[in-house]
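Heads up, the thing below is written out as structure tokens.
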2 protein chains.
Amino acid sequence: MAQEKITSFEVAKLAGVSQSAVSRFFTPGSSVSRKTADKVREAADTLGYRPNVLARSLITGRSRIIGLVVAYLENHFYPEALEKLSNALQAKGYHVLVFMASQTAGNIDSVLREILDYQVDGIILASVALSSELGGQCKAAGVPVVLFNRHQNDPTLTSVCSDNVAGGREVGRLLARAGHRRIAHIAGWEGASTQREREAGFLEGLRECGAELYAREVGNFAPESAREAARRMFDTGDRPDAVFVANDHMAFFVMDVLRFELGLSIPDDVSVVGFDDVPLAAWPVYALTTVRQRANAMVAETVSAMLAQIENPGTEPTQVSIEAPLILRSSARKPQARTD
Amino acid sequence: MAQEKITSFEVAKLAGVSQSAVSRFFTPGSSVSRKTADKVREAADTLGYRPNVLARSLITGRSRIIGLVVAYLENHFYPEALEKLSNALQAKGYHVLVFMASQTAGNIDSVLREILDYQVDGIILASVALSSELGGQCKAAGVPVVLFNRHQNDPTLTSVCSDNVAGGREVGRLLARAGHRRIAHIAGWEGASTQREREAGFLEGLRECGAELYAREVGNFAPESAREAARRMFDTGDRPDAVFVANDHMAFFVMDVLRFELGLSIPDDVSVVGFDDVPLAAWPVYALTTVRQRANAMVAETVSAMLAQIENPGTEPTQVSIEAPLILRSSARKPQARTD
DNA sequence: GTGAAAGCGCTAACAC
DNA sequence: GTGTTAGCGCTTTCAC
């Protein structure tokens, strides 16, 4: 253990200036004379001094820490989002404090409270809901919250999502126009806004084309649930000839059941469509037709919404919706007539 | 914006006790009388008070923040590790501040300096090397460092790795005993200890069984590099009949090239073995024979090594090596004679 | 432009 | 046990 902590006082002494001069030197806005700056820089370098962010935050009220709550990283969409979010925030001088929230509802509230203890400058909730009570508490503490890939019926909450309804609608149209007769849906967790919207759009798209839903099961966004849903749905005589699975992660498991357990051929026996466009969807082993969530755009919007709220506390909350294009691959039959 | 920040003074006033009583109530070790505790609890609850972790850390010198540096989350092994690490640390009252370090070497030093600014209690370097200069700096600052899935020739650094040599050796034996004649290797980034050890073990295993390496290419742990390596290696007359790819993530891309571009059959034309055993390796689309990195064990060792160093600064550094079992699936031929 | 002084919210001696 | 006091390392008035 060498010299432990070096303080601005030590630097000041060595540089022959006051401690506040040292502080000013390290504070972006402040003005220091060329000569002082040089002396401070040299002293700081020889001592290896760097300002203590925590002590600074105590007085400025800004920690430059953003709390990120994420439920699980198993679905490849989230690591990707986390990496991009962290990089984007890092570029703006912020850092991400991660909080894993187990699915259990009660847990998230306690997690949020822990976050607040760290005096974070903002909170990003990735695929996690916020109790209105906690939302109020964050607002009271003056901590901006942005919901990422989830939204709630609360106009005071800022959120960034794909246009799940439009995405679902495209899927409905695609499957109907491809001439499928028995079109099914494997839903995710029904408490999620993403699920409800994707399904609502999907049904709209079907209706628009004169089709209707033939079968429906729930997969809860979980592998085992999705597998079971697929087995229940397809292990019968009059099985569906197309299925929209609410996200890619479940779709992979569904495809595995169809191909390897049930011996079905995709897309000849059944078309499969997912949602997210995670990297694996593009790999030849799945070649999954899906709706792309534009992670870069979502992250950019999330970061800018967050910074806007931090820098200007009066900023109006916004609900951002990002266009989500349908990506055609070979897991689903192509439309027979190009109507649009 | 409601009442902004509530301080312990406000709580003290409402509870009719001194501010230090409030502090004691929230400090695990301290003793408060039952009566005072009740009064403080009530006042704190009605005010919604929670102690400011940052202010506390200023005086205790403990932030309960662990800095985690990770290069990229694309390889599924890392999100898994991150999730488990964060959960385990959270259970111990610590939280993870994430720092993404782009591969560039210079970057990691500046990232490390940023981490130190946050007065973290410890640093976990996941698959990232540490310049000895920086290592010294951490030591000077009294900040324990644990290398996760990487190690360096520095006995003063604590590290947690799989037994990569033994794992590689098993792969060498497997391929040799399965009767392969032209055994190849696609390496990851050669600067990584994991790569060097896996390959060294692999060559040992081959030699042991009287076999030798037939071809070698470098994939740098990167998808496109791995694909090109596979093309160079297999698009010839006398192509290898078995290949050990240095991690699963590259192995998937290699398999795709072999099967879909070159029309080879696995394992009939060529056996493929990976390293990591990420979830996807077990899926039927790959059924990859691989060496398992026991993420849970690695995380448990990492956390306990970290806590030991934090709680007891004199703790000797350790180099932990975790047994890494070979997992047999169908991407590689099984040994012809069971000798062991 | 610069230094002295006050204080961010808290914990840790120290007397009582 | 409890309150009083002195800082943790820093930023920020405020005179000069």
How close do [X] and [Y] get, counting heavy atoms only, and between which atoms?
X      : Y      : result
B:T46  : B:A43  : OG1-O, 3.0 Å
B:P317 : B:L157 : CB-C, 4.1 Å
A:L82  : B:L82  : CD2-CD2, 3.4 Å

Fill in the blank from the handout: CD1 of B:I59 to CG of B:L54, rounded to nearest 0.5 Å, is 14.0 Å

Exercise for the section: Could you tell me whether A:K35 and A:D38 have a side-chain N and a carboxylate O separated by less than 4.0 Å? Expected result: no

Exercise for the section: Check salt bridge (charged side-chain N to carboxylate O under 4.0 Å, His left out) between A:K84 and all other residues, then give those that pass, not counting sequence neighbours. Expected result: A:E80

Practice task
Please list all pairs passing the side-chain hydrogen bond (donor to acceptor under 3.5 Å, both in side chains) test where one or both residues lie in residues 48-60 of chain A, with sequence neighbours left out.
Solution key: A:R50-B:D117

Problem - Candidate pair A:S31 and A:R24, rule side chain to side chain donor-acceptor pair (under 3.5 Å), full reasoning - result: CA-CA 7 Å; A:S31 55; A:R24 281 198 201 92; over 6 Å; no

Using nucleotides 7-9 of chain D, report all nitrogen or oxygen pairs with the protein that are shorter than 3.5 Å.
| from | atom 1 | to | atom 2 | distance (Å) |
| --- | --- | --- | --- | --- |
| D:dG9 | N2 | A:A55 | O | 3.4 |

Practice task
Scan residues 29-45 of chain B against DNA chain D and write down, sorted by residue number, each residue with any heavy atom closer than 4.0 Å; if none is found, say none.
Solution key: B:V32, B:S33, B:T36

Problem - Interface residues of residues 18-25 of chain B with DNA chain D (non-hydrogen, below 4.0 angstrom) - result: B:S18, B:S20, B:A21, B:R24

Practice task
Tell me, with the steps shown, if A:T315 and A:Q309 meet side chain to side chain donor-acceptor pair (under 3.5 Å).
Solution key: CA-CA 6 Å; A:T315 308; A:Q309 305 229 88; 5.3 Å; no

Exercise for the section: Verify, without hydrogens or angle tests, whether A:R64 (side chain) and A:K92 (backbone) share a donor-acceptor contact under 3.5 angstrom. Expected result: yes

Problem - Heavy atoms from other residues, nucleotides or ligands near CG of B:N153 exceed 12 (cutoff 6.0 Å) - result: no

Problem - Donor-acceptor pair between A:Q319 and A:H151 side chains, under 3.5 angstrom - result: no

Exercise for the section: Under 4.0 Å from any heavy atom of chain B: name the first and the last nucleotide of DNA chain C that qualifies, 5' to 3'. Expected result: C:dG9 to C:dA13

